[in-house]
Each structure stands twice: as C-alpha cells, then as structure tokens.
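In what follows, a single structure is set out as structure tokens and then discussed.
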Amino acid sequence: MRGGRRLFPLLLLALLPGLCHGRETAPGAVTCGSGAKLFSHVFLNWGGGIRLVSFNSIQTGSGQQSVTGVEASDDANSYWRIRGKSDSSCQRGTPVKCGQAIRLTHVNTGKNLHTHHFPSPLSNNQEVSAFGDDGEGDDLDFWIVQCSGTYWEREDAVRFKHVGTEVFLSITGEQYGHPIRGQREVHGMPAANHHNYWKAMEGIFIKPSPDPAKHDEL
C-alpha cells in the first residue's frame with residue numbers, strides 16, 4: 001500500500017484538468033506545488049538532456065536513496081514537487097521568489113532532495129541523496145533558489161544552494177557502473193560555477209492566481 005500511495009501524487013497531477021505538460025512556448029514563473037523535471041544546463045549546452053532522478057531501489061554510500069542524472073526522456077522518476085520550508089510558506093500556485101528556501105520532493109517516493117557532510121563516491125564532492133518519508137525529512141532538505149530576477153522563471157538557468165552546508169547542487173559528468181551503469185553522479189560543490197545551473201524545462205505547472213485564496217491550473 002505504501003508504494004501505491006506514493007505514486008498517487010504523480011497520477012493526480014497528471015489527471016487534473018487544465019494542467020500544462022511539456023515544454024512551454026511562453027515561459028512563466030515556477031510555482032509552489034508544481035511538479036517539474038530539472039535539467040542540467042551544462043549538458044543542455046553540450047547537446048544532452050541530463051535530468052535529476054531518484055530511485056528507491058538504489059542507495060548512496062551513506063545508505064540513503066540515490067539521486068543521479070539520466071538521459072531517458074520518459075523517466076517518471078524525474079518529477080520533483082516544489083514546496084516551501086513549510087506548506088504555509090509556499091502555498092499552491094504561488095510563484096517561487098529568487099532567494100526563497102524550498103524543498104524539492106521526489107514525486108514517486110516522497111523523499112526530499114538532501115545533502116549532508118558525506119563524500120560522494122566518484123568525485124569526492126558532497127553526497128546528494130533523497131531523504132525523509134512522505135515529504136517530511138529534516139532541516140538538511142532546504143535549498144535556496146538563486147536566480148537573477150524577482151521570480152524563478154521556467155527555462156531560466158538557476159542554482160540551488162543548500163541552506164545547511166552551503167554547497168551547490170551540481171553535476172560534472174562522472175558515470176556509475178553496475179547496477180546503475182551510465183547514470184551520472186549528482187553532488188554538492190562548494191563553489192558557484194557552470195556545473196550547478198539547472199532548468200525546469202518540462203513538468204506540470206500550477207498557474208499563479210491573482211487571488212491568493214484561489215489557485216487555478218494552467
């Protein structure tokens with residue numbers, strides 16, 4: 001029952017009427033409650049389509065759920081729900097501000113994007129994992145959205161800086177062998193550089209509403 005319950009949020013998002021799937025021709029703000037695929041900007045520039053994923057069957061060196069980068073375009077494990085530090089701080093349909101602290105919750109497993117002081121296995125940077133249960137983890141699940149405008153805009157390249165350890169969510173290309181051959185290591189890096197830019201180019205986005213009491217879908 002537990003696995004089926006965790007799949008329900010993705011199925012619900014997919015069935016809601018009026019939601020917008022796929023790439024947007026007129027990008028708008030990324031909003032709280034939306035489910036997005038996060039693409040590595042540096043691999044897009046190199047002609048690739050590496051996206052952030054997590055698998056509940058694969059563990060990291062510290063024993064937590066793995067977070068990696070893959071190229072498969074139809075991978076349902078690449079949806080992440082945008083949430084605030086608390087549900088009241090990021091109400092559904094509210095645009096995410098640059099500088100705002102958020103949680104990224106893996107839709108299929110209910111675990112949050114997480115990092116801690118543990119070395120990543122391939123690059124010896126800081127391990128990034130998925131942690132928690134049903135969307136609730138700890139204070140190492142918080143990331144600050146770094147962008148140049150007022151709001152996080154779809155298809156804009158943004159950085160995610162970890163609140164607790166101050167590393168940036170990054171991918172530099174190291175590839176795993178068996179049992180996740182070809183998947184790329186995702187890790188935290190202490191310095192801002194071109195390896196830590198990400199784009200929310202595909203997903204299910206909730207339309208902002210001028211009335212905070214009403215949140216319509218696209």
| query | With Glu166, which residues qualify under side-chain contact (heavy atoms from CB on, under 4.5 Å), at least two apart? | reply | Lys161

| said: Once rounded to the nearest 0.5 Å, what's the spacing between atom CZ of Arg51 and atom CD of Glu71? | reply: 8.5 Å

| message | Is there a side-chain contact (heavy atoms from CB on, under 4.5 Å) between Ser40 and Trp198? Walk through the geometry before answering. | response | CA-CA 5 Å; Ser40 165; Trp198 299 85; 4.1 Å; yes

| request: Measure the shortest side-chain to side-chain distance between Gln126 and Phe118 over non-hydrogen atoms and say whether it is less than 4.5 angstrom. | output: no

| said: Looking at Ser54 and Ser66, would you say the former's side chain and the latter's main chain have a donor-acceptor pair under 3.5 Å? | reply: yes

| Spacing of Ile102 atom CD1 and Asp141 atom CG [to the nearest 0.5 Å] | 11.5 Å

| request: Of all the heavy-atom pairs spanning Lys85 and Ala101, show the shortest one and how long it is. | output: CD-CB, 3.4 Å

| request: Measure from the side-chain N and O atoms of Arg103 to the backbone N and O of Gly84, and report whether any donor-acceptor pair falls under 3.5 Å. | output: yes

| request: State, to 0.1 Å, how close Arg184 and Gly173 come at their nearest heavy-atom pair, and which atoms those are. | output: NH1-O, 3.2 Å

| Tyr197, OH atom: more than 12 neighbouring heavy atoms under 6.0 Å | no

| Taking His106 for the side chain and Asn77 for the main chain, is one N or O donor matched with an acceptor at less than 3.5 Å? | yes

| task | Measure from the side-chain N and O atoms of Ser170 to the backbone N and O of Gly188, and report whether any donor-acceptor pair falls under 3.5 Å. | result | no

| task | Quick one: pull up CG in Asp87 and CD in Glu136 and give me the separation to the nearest 0.5 Å. | result | 6.5 Å

| said: Can you classify the ring geometry of His114 versus Phe131 as parallel (below 30°), tilted (30 to 60°) or perpendicular (above 60°)? | reply: tilted

| said: According to a hydrophobic-cluster definition based on side-chain heavy atoms being under 4.5 Å apart (Ile, Leu, Val, Met, Phe, Trp, Tyr only), do Leu113 and Val158 belong together? | reply: yes

| query | Going from CD1 on Ile171 to CG on Leu38, what distance comes out if it is rounded to the nearest 0.5 angstrom? | reply | 11.5 Å

| said: Quick check for you: to the nearest 0.5 Å, what is the distance between Thr115 atom OG1 and Gln64 atom CD? | reply: 9.0 Å

| Is a donor on one side and an acceptor on the other found under 3.5 Å between the side chain of Ser120 and the backbone of Asn125? | yes

| task | Say whether Asn196 and Arg159, considering side chains only, have a donor N or O and an acceptor N or O under 3.5 Å apart. | result | yes

| query | Just by modelled atom types, is the Leu52 backbone N or O under 3.5 Å from a matching donor or acceptor in the Trp80 side chain? | reply | yes

| query | Does any N or O in the side chain of Glu185 come within less than 3.5 Å of the main-chain N or O of Leu122, such that one atom is a donor and the other an acceptor? | reply | yes

| task | Please step through side-chain contact (heavy atoms from CB on, under 4.5 Å) for the pair Val30 and Val145, ending with a clear verdict. | result | CA-CA 11 Å; Val30 175; Val145 181; over 6 Å; no

| query | What's the shortest heavy-atom distance between Pro119 and Asn124, and which atoms? | reply | CB-OD1, 3.3 Å

| remark: Heavy-atom closest pair (Val186 atom, Leu169 atom, distance to 0.1 Å) is CG1-CD1, 3.6 Å

| side-chain contact (heavy atoms from CB on, under 4.5 Å) between Ile180 and Phe55, worked out | CA-CA 10 Å; Ile180 51 174; Phe55 296 91; 5.6 Å; no

| Between Leu104 and Ile82, is a side-chain contact (heavy atoms from CB on, under 4.5 Å) present by the stated rule, with each step listed? | CA-CA 5 Å; Leu104 291 167; Ile82 292 96; 3.9 Å; yes

| query | Which of these, Met189, His117, His162, His187, sits in a side chain to side chain contact (heavy atoms under 4.5 Å, CB included) with Val167? | reply | His162

| said: Rounded at 0.5 Å granularity, tell me how far OG1 in Thr68 sits from OH in Tyr176. | reply: 7.0 Å

| query | Hey, are Thr105 and Arg83 close enough side-chain-wise for a donor-acceptor pair under 3.5 Å? | reply | yes

| Residue pair Gly135 / Asn112: nearest heavy atoms and the distance that separates them | O-ND2, 3.1 Å

| request: Heavy atoms only: give me the nearest Ala29-Glu153 pair and the separation to one decimal. | output: N-OE1, 3.3 Å

| said: Determine whether a donor-acceptor pair (N or O, by modelled atom type, separation under 3.5 Å) exists between the side chain of Trp152 and the backbone of Ala200. | reply: no

